[in-house]
Protein chains: 2
Amino acid sequence: MAGKVEERKKKLREALIDAAEAQIETGGLATLKARKLAQVAGCSVGAIYNVFDDLDALVMAVNARTFRRLGSFVSAQVAAQTDDGPNAQMITMSHAYLRFAVEHTFLWRALFDLEMSVDGAVPDWYLQELGAVFALIAAPLARLFPDMDARARDLMVRALFSSVHGIVLLGLEKRISAVPQDQIEIMLTQLLGQIGN
Amino acid sequence: MAGKVEERKKKLREALIDAAEAQIETGGLATLKARKLAQVAGCSVGAIYNVFDDLDALVMAVNARTFRRLGSFVSAQVAAQTDDGPNAQMITMSHAYLRFAVEHTFLWRALFDLEMSVDGAVPDWYLQELGAVFALIAAPLARLFPDMDARARDLMVRALFSSVHGIVLLGLEKRISAVPQDQIEIMLTQLLGQIGN
DNA sequence: TTATTTATTGAACGTGGTTCAAGGCGAGGT
DNA sequence: ACCTCGCCTTGAACCACGTTCAATAAATAA
């Protein structure tokens, strides 16, 4: 009867991530509470700490899921698009990013709200997923600037990603722009349409 | 002897804002605690709540100061620059924004970290300051796109501000880019140098 | 089965924002 | 000068929350 513990632990781990994800999705990161979580996942408060170092570690696990979902969503949108040139491709990606942020606002927010607090120790999966996203952007950019050296292009990839992120972030922030989604799309289109022309 | 209460209240208000600002500047928003604050400002914990509704309101007061400082810093940098055209002007503004964020990281962060939580009720001073910043950007943009209608230009102003913000935000985030300050400047220069060409 | 090790529990601890009943103090009237 | 009224101030107490830990239960080994 060996391995019963491992199995239960894995089950609990999944249950906790599911419960945390559901809570973040509906109420946001701030509404995630240890006691409520234990109740939903069907365990004691203390049990959480047998599986995760602390709640931040649990949120990181949720973020890992979210990040993968985001990456494959953007990829899928790009793949489903007929190739109308590098600018159109980048615009498609940015619109996909926006749509994900709109449809999963709290989960998307948690990606950035949590990591800010955790200094040092960037997990491996994080850099991997980020690298995948950057690679997606790098492809059309290489077509636009074939003579640009890799270092400069890498910098431009980050700049563009950050720009899109900023536009989506502040665009969804009621108190700053109060801009409806289609206006945000126009902003993204305008910005990315200008690149390389 | 009329107005003694008002006077003391005003003094306490200033003392509290000063103490809160100092704490945020050195330790970040998360290290701001009511008890410590009362101790530094020389009052009881309860007294804070006679002057401010809650700690968020106090942080808002700090943010008002920070926002004004940010605005005048960017203005000053632009004014101190010989006019090398609209792109150069926007680049100067973005570099000033970056420099402010680097030199007052915690205060700058508090501008965005707090407001996110406070829904509704955007204070008047906030929109005013934001409008001033947007007006700064609108000037060079009007020179670049003289035939663009006001609505589209307004959208572009927001898009550019958001882009710069995004580049600075993620650029200062160790876990995402770990990009040194001069690299961030290059990103900003590249992006804004492309606009309108 | 019994012993030993490991997991689980939930009450308790520490921290921190916010409240409130009790006492203090300024302003106006006498 | 004194009294009175109402606001200010105080800090102990309240509540919510993350995290811990001694006690309990369960699983593995002998």
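In what follows, chains are A, B, ... by sequence order, proteins preceding strands, each numbered from 1. The analysis underlying the following values was restricted to heavy atoms, covering all of them including side chains, and did not include hydrogens, waters or symmetry mates.
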**Q** If you restrict it to nitrogen or oxygen atoms, what contacts under 3.5 Å exist between nucleotides 24-26 of chain D and the protein, and what is each distance?
**A**
none

**Q** Is a donor on one side and an acceptor on the other found under 3.5 Å between the side chain of A:His104 and the backbone of A:Glu25?
**A**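 Checked: no pair found.
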**Q** Do any side-chain nitrogens or oxygens of A:Asn50 fall under 4.0 Å of OP1 or OP2 in C:dA7?
**A**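 No, A:Asn50 has no side-chain N/O under 4.0 Å of OP1/OP2 on C:dA7.
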**Q** Over how many whole Å does the gap from B:Tyr49 atom OH to C:dG17 atom P extend?
**A**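 Interatomic distance, OH of B:Tyr49 to P of C:dG17: 6 Å.
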**Q** Under the rule for ring-ring contact (aromatic ring centres under 6.0 Å, His included), what residues qualify as partners of A:Phe106, not counting sequence neighbours?
**A**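 Result, ring-ring contact (aromatic ring centres under 6.0 Å, His included) vs A:Phe106: none returned.
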**Q** Given B:Ser163, which partner from the list A:Leu188, A:Leu191, A:Leu170, A:Val164 fulfils the side chain to side chain contact (heavy atoms under 4.5 Å, CB included) test?
**A**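 One option only clears the test, and that one is A:Leu191.
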**Q** Could you check how far CZ of A:Phe52 sits from P of D:dG18, rounded to whole Å?
**A**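 After rounding, the reported distance stands at 15 Å.
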**Q** To the closest 0.5 Å, what do you measure between CD (B:Gln190) and CD1 (B:Ile167)?
**A**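 One gets 10.0 Å once the value is rounded to the nearest 0.5 Å.
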**Q** Estimate the overall bend of the helix from C:dT1-D:dA30 to C:dT30-D:dA1 from the end axes over five pairs each, rounded to 10 degrees.
**A**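 Rounded to the nearest 10 degrees, the bend comes out at 10°.
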**Q** Collect all protein-nucleotide pairs involving nucleotides 20-23 of chain C in which both atoms are nitrogen or oxygen and the distance is under 3.5 Å.
**A**
none

**Q** Which side chain to side chain donor-acceptor pair (under 3.5 Å) pairs, counting each pair once, include a residue from residues 68-80 of chain A, with sequence neighbours left out?
**A**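 For residues 68-80 of chain A, and leaving out neighbouring residues, the side chain to side chain donor-acceptor pair (under 3.5 Å) pairs sorted by first residue read A:Glu21-A:Arg69.
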**Q** Could you tell me the separation between the CD1 atom of B:Ile48 and the P atom of C:dG16, rounded to a whole number of Å?
**A**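 It is 13 Å, rounded to the nearest whole Å.
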**Q** For B:His165, what residues pass the ring-ring contact (aromatic ring centres under 6.0 Å, His included) criterion, not counting sequence neighbours?
**A**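 Listed in chain order: B:Trp108, B:Phe112.
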**Q** With a 3.5 Å cut-off and sequence neighbours excluded, list the donor-acceptor pairs that the side chains of residues 134-145 of chain A form with protein atoms.
**A**
{"unit_1": "A:Arg143", "atom_1": "NH1", "unit_2": "A:Asp83", "atom_2": "OD2", "d": "3.3"}
{"unit_1": "A:Arg143", "atom_1": "NH2", "unit_2": "A:Asp83", "atom_2": "OD1", "d": "3.3"}
{"unit_1": "A:Arg143", "atom_1": "NH2", "unit_2": "A:Asp83", "atom_2": "OD2", "d": "3.1"}
{"unit_1": "A:Arg143", "atom_1": "NH2", "unit_2": "A:Gln89", "atom_2": "OE1", "d": "2.9"}

**Q** Among residues two or more places apart or on two chains, list those pairs meeting ring-ring contact (aromatic ring centres under 6.0 Å, His included) that have a residue in residues 10-63 of chain A.
**A**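 Non-adjacent pairs meeting ring-ring contact (aromatic ring centres under 6.0 Å, His included): zero.
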**Q** Is it the case that the ring center of A:Phe161 lies less than 6.0 angstrom away from the ring center of A:Tyr97?
**A**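 That pair passes the under 6.0 Å test.
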**Q** Could you check how far CG of A:Asp53 sits from P of D:dG18, rounded to whole Å?
**A**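 Rounded to whole Å, this separation is 16 Å.
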**Q** Counting distance only, does the side-chain N/O of A:Asn87 pair as donor-acceptor with the main-chain N or O of A:Gln194 below 3.5 Å?
**A**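 Checked: no pair found.
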**Q** Checking A:Glu14 now: which residues fulfil salt bridge (Lys or Arg N to Asp or Glu O under 4.0 Å) with it, not counting sequence neighbours?
**A**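 Listed in chain order: A:Arg65.
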**Q** Please, which pairs that meet salt bridge (Lys or Arg N to Asp or Glu O under 4.0 Å) have at least one residue in residues 130-140 of chain A, sequence neighbours excluded?
**A**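 Residue pairs passing salt bridge (Lys or Arg N to Asp or Glu O under 4.0 Å), neighbours aside: none found.
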**Q** Roughly, in whole Å, what's the span from CG in A:Leu12 to P in C:dT8?
**A**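 In whole Å, C:dT8 P lies 7 Å from A:Leu12 CG.
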**Q** List in chain and number order the residues that pass salt bridge (Lys or Arg N to Asp or Glu O under 4.0 Å) with B:Arg35, two or more places apart in sequence or in another chain; answer none if no residue qualifies.
**A**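 Salt bridge (Lys or Arg N to Asp or Glu O under 4.0 Å) list for B:Arg35, sorted by chain: empty.
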**Q** Name every residue in residues 21-44 of chain B that has at least one heavy atom under 4.0 Å from any atom of DNA chain C, in order of residue number, or write none if there are no such residues.
**A**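 Residues of residues 21-44 of chain B that come under 4.0 Å of DNA chain C are, in numerical order, B:Leu32, B:Lys33, B:Ala34, B:Arg35.
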